[in-house]
Amino acid sequence: MLKKILMLLLPVLALIGGAVGGEILKGKPEIDASAQASGEDGEDEASRAGEGDHDKGENAYFRFPTQFFVPIMQNGDTFATMIVALTLEMPKPSEEKVLANEHRLRDALLRALMIHANTGGFSGNYTSDQQMDRLRASLLKAATDTAGPDVTGILVEDIARQLQ
């Protein structure tokens, strides 16, 4: 009985925690384009990972305000929940067009995350280079299928597995 209650309560608590975290992030002040181009935005080097050889002024980034929660099933039961924070990389001129598709992009990315989970992508060492490359490729395909070639990269900013 207690196990059934916990199985229902833990995902709800995870959802509430994600919503609270999203609200905290949403309250973060916007950074104007001139400060971003000059590097005065306060980001550390780790949050710029994946920029490649592009100049800072040429690309724009959109971090989804809430994390993605992906259930991991094992023998018909929820074994764990993956918590993933994603950011999209795009050319600066495409920013408005991509952001107009935010809800469709979120749906497509969540669908790709579910497929990745159901094909064993989050089993074992899910942070290996091979697994992360496979994950990024599937997420990028989902994003470009939804928003077109305007999305040029997917940055996985946070990823964690919470056991049930």
Side-chain angles (χ1 to χ4, degrees), residues 3-26 28 43-54 59-91 94-95 97-164:
K3 183 177 180 182
K4 287 182 181 181
I5 293 172
L6 284 175
M7 293 298 288
L8 294 173
L9 189 59
L10 286 176
V12 171
L13 289 174
L15 179 66
I16 292 169
V20 170
E23 288 299 315
I24 291 170
L25 290 175
K26 201 186 283 186
K28 190 175 176 182
E43 290 182 344
D44 60 298
E45 285 300 314
S47 66
R48 292 188 182 139
E51 282 189 24
D53 295 329
H54 302 291
N59 290 323
Y61 297 89
F62 172 72
R63 181 175 185 167
F64 284 93
T66 57
Q67 300 158 324
F68 291 82
F69 293 89
V70 184
I72 308 299
M73 305 297 289
Q74 186 176 50
N75 300 326
D77 292 323
T78 302
F79 160 71
T81 302
M82 292 301 299
I83 303 166
V84 184
L86 298 175
T87 296
L88 302 178
E89 180 179 18
M90 68 208 82
S94 303
E95 187 173 15
K97 182 180 173 189
V98 171
L99 296 183
N101 287 308
E102 176 184 351
H103 300 291
R104 289 178 191 216
L105 280 164
R106 186 170 183 86
D107 176 66
L109 294 172
L110 184 57
R111 193 174 324 124
L113 286 165
M114 297 279 193
I115 291 169
H116 189 76
N118 290 332
T119 57
F122 293 125
S123 300
N125 185 4
Y126 62 91
T127 59
S128 71
D129 287 342
Q130 182 182 9
Q131 289 287 51
M132 292 301 291
D133 289 345
R134 190 175 132 226
L135 174 61
R136 283 189 190 93
S138 66
L139 291 172
L140 183 58
K141 181 177 180 345
T144 55
D145 287 351
T146 303
D150 295 321
V151 177
T152 57
I154 302 286
L155 290 87
V156 178
E157 292 200 358
D158 293 309
I159 186 167
R161 179 170 48 203
Q162 179 179 350
L163 299 176
Q164 299 291 323

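Any value given below was found using the heavy atoms of this structure, including those in side chains, with hydrogens, waters and symmetry copies removed.
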So, do [X] and [Y] sit near enough that their side-chain heavy atoms are less than 4.5 Å apart?
X	Y	result
F79	L163	yes
T127	N125	yes
V84	V156	yes

State whether the side chain of [X] and the backbone N or O of [Y] hold a donor-acceptor pair below 3.5 Å, judged by distance alone.
X	Y	value
S94	K97	no
T81	Q162	no
R106	T66	yes

How many angstroms lie between [atom1] in [X] and [atom2] in [Y], if you round to the nearest 0.5 Å?
X	Y	atom1	atom2	value
T119	M114	OG1	CE	13.0 Å
L109	E102	CG	CD	11.0 Å
I72	D77	CD1	CG	13.5 Å
M73	T78	CE	OG1	4.0 Å
M90	Y61	CE	OH	9.5 Å
L139	I115	CG	CD1	10.5 Å

Task: Chi angles and distances behind the side-chain contact (heavy atoms from CB on, under 4.5 Å) call for L155, L86 - done: CA-CA 6 Å; L155 290 87; L86 298 175; over 6 Å; no
Task: Pairing residues for R134 by the salt bridge (charged side-chain N to carboxylate O under 4.0 Å, His left out) criterion, not counting sequence neighbours - done: none
At their closest point, which heavy atom of [X] faces which heavy atom of [Y], and how far apart are they?
X	Y	answer
V98	L105	O-CD1, 3.6 Å
R63	A85	NH2-CB, 3.4 Å
T152	L140	C-CD1, 4.0 Å
R161	A80	CG-CB, 3.7 Å
A108	A142	O-CB, 3.7 Å

Task: Residue list, ring pair (Phe, Tyr, Trp, His ring centres under 6.0 Å) with F62, at least two apart or on another chain - done: F64
Task: Step-by-step side-chain contact (heavy atoms from CB on, under 4.5 Å) determination, L113 to L135 - done: CA-CA 8 Å; L113 286 165; L135 174 61; 3.8 Å; yes
Open item on the list: Surrounding CG of D129 (heavy atoms of other residues, nucleotides or ligands, distance under 6.0 Å), is the total greater than 12?
Closed with: no
Open item on the list: I'd like to know whether L99 forms a side-chain contact (heavy atoms from CB on, under 4.5 Å) with N101, so could you lay out the CA-CA distance, the side-chain angles of the two residues, the decisive distance to 0.1 Å, and finally the verdict.
Closed with: CA-CA 5 Å; L99 296 183; N101 287 308; over 6 Å; no
